[in-house]
There are 2 protein chains.
Amino acid sequence: MGTGHQHCQHRGANLAELADRLRRGARKLTGPRQLVLESLRHSRHPQTPKEIHAALAGQPCDLATVYRSLKVLSDLGMVQRFDFGDGIARFELVAEGRDGHHHHLICTRCARVVELDECFLDEIQQRIATANGFRAVTHKLEFFGLCPDCQ
Amino acid sequence: MGTGHQHCQHRGANLAELADRLRRGARKLTGPRQLVLESLRHSRHPQTPKEIHAALAGQPCDLATVYRSLKVLSDLGMVQRFDFGDGIARFELVAEGRDGHHHHLICTRCARVVELDECFLDEIQQRIATANGFRAVTHKLEFFGLCPDCQ
DNA sequence: TTGCTTGCAAAGTATTTGCACCGGA
DNA sequence: TCCGGTGCAAATACTTTGCAAGCAA
C-alpha cells in the first residue's frame, strides 16, 4: 500500500502497518502483542519464545501469552518459524508482501547466526516435486559450521 | 570387508557387522541395543524413539533405554538424527562407511516419507562457507508437500 | 456490550538423569 | 570380577490448555 517513507531499517514493517495486518485478520493489537512485535522488529535473527519473553523485561507479559501471540502472528503469516535442530522454535518477523522464506548459517559453537537472503533450491525443489508427484512443495534448510571466531 | 552374500535388502548392515561396530566403540551389544538396531534395520524411514519403543512390543525395554541406545549409536555414527520440524527426533541407521547424509520429502498430510538419496548442495554449501569464513559446514534440508494420494 | 485476550496454574509431551541392581566381556 | 547397561521413577524443558477476569473495538 502507499506507505510513505520509513525512518528505520528494522526488518519488516512499522507498527502501524503491523497493527493493520492484525486487524485485517480480525485480531486486536493488544499491549502484549505490541511488545512481541516490537521485540521481533528489533531482532536481526530468529528469536525463541523465551528470548522474546526476556526482552520484554519490565512490561508484564506471561510466557504463555508470548506463545499465543506467536501462534496468531504465525497463522497470519506475519512471523516465520525456524528450527535450528535443537528442538526449540525460533521466530522472525516477515516483511509485508514477502513470504519470509530464507535460510541461516549457524555457528555450532557460539550460536552466531548469519542470515542468507537468497534461496537457491527453486529448480531442485521443482525437479523433486515433479519426480515424486508431490505438490505445494516447500523446504526447510539451515547450514551449520564454525564461524571465523570459533575455529 | 569380505562379507559374503546377504539375503535381505535392509538398509545398513547385518547384525554381526553392527555388533562389531559397537565393540570397536568399546560398547556392548546388549539385548536392548540389539532390539533397537533390529527395529531400525527394518525401517525404511527415520523412526522416532517412541516408534522404535513400540516396535519392540513383547520384548521388555524401557523407553529411556531406547533414548540412551540411540545416543550411543549416534555418537558412534551408526545412526543419523533427522528433524522434520515438529520437535520430535527421528533416527535412521547409517550404512558402514557412509556418513548417512541425505534428505527427505515428507507429506504434510499423511506423513508419508520419500528418501532422497542425492544431495545437491555441495557446491552451494562451499560457496556459502567461503563467503562467510565458516568451516566444517554441513546442512540440514527436508522437503515438505502433498503426496499424490493427498492432493 | 461482545468476543477476543490475558494471567495463572496445571497439564502435556519429549528427553534426560539419579540410583541401585544386573549382566556382557 | 568389573564396568558399562538397564529399569524405574523423578526431574527438565518446551509448549499447550482450562478458566475466570480484562480489555479492545
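Only this structure's heavy atoms are used, side chains among them; waters, hydrogens and symmetry mates stay out. Not measured: the values here are computed from a predicted model. The chains referred to below are lettered A, B, ... by the order of the sequence lines, with proteins before strands, and numbering in each begins at 1.
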Which residues pass the side-chain contact (heavy atoms from CB on, under 4.5 Å) test with Arg135(B), not counting sequence neighbours? Gln151(A)
Axis bend over the full length of the helix from dT1(C)-dA25(D) to dA25(C)-dT1(D), computed from five pairs that close each end, to 10 degrees: 40°
Is the distance between the ring centroids of His104(A) and Phe84(A) under 6.0 Å? yes
side-chain N/O Arg33(B) vs dG5(D) OP1/OP2, d < 4.0 Å: yes
Just the rounded figure in Å: distance from P of dT5(C) to CD of Gln59(A). 20 Å
Does Glu142(B) reach the main-chain N or O of Ile106(B) with its side chain, forming a donor-acceptor pair under 3.5 Å? no
Distance, rounded to the nearest Å, where Leu63(A) contributes CG and dT16(D) contributes P: 10 Å
Is the backbone N or O of Lys28(A) less than 3.5 Å from a side-chain atom of Arg33(A), with the two atoms forming a donor-acceptor pair by type? yes
How long is the line joining NZ of Lys28(B) and C1' of dG4(D), in whole Å? 4 Å
To the nearest Å, give me how far apart CG (Asp86(A)) and P (dT15(C)) are. 12 Å
Grab the NE2-C1' distance between His53(A) and dC14(D) for me, whole Å please. 14 Å
Whole-Å gap separating C1' (dT16(D)) and NZ (Lys71(A)): 11 Å
Can you find an N or O donor on one side and an acceptor on the other, under 3.5 Å apart, linking the side chain of Arg68(A) with the base of dG7(C)? yes
What's the CZ-P distance between Arg23(B) and dG4(D), to the nearest Å? 17 Å
Measure CG/Asp83(A) against P/dT15(D) and give the value in whole Å, please. 9 Å
Apply side-chain contact (heavy atoms from CB on, under 4.5 Å) to Asn132(B) and list each qualifying residue two or more places apart in sequence or on a separate chain. Leu105(A), Val114(A), Leu116(A), Ile128(B), Phe134(B)
Taking the nucleotide of DNA chain C with the nearest heavy atom to each, does Val72(A) or Thr30(B) sit closer to the 5' end? Val72(A)
Sole candidate of His45(A), His103(A), Arg44(A) that passes side-chain hydrogen bond (donor to acceptor under 3.5 Å, both in side chains) when paired with Glu115(A): His45(A)
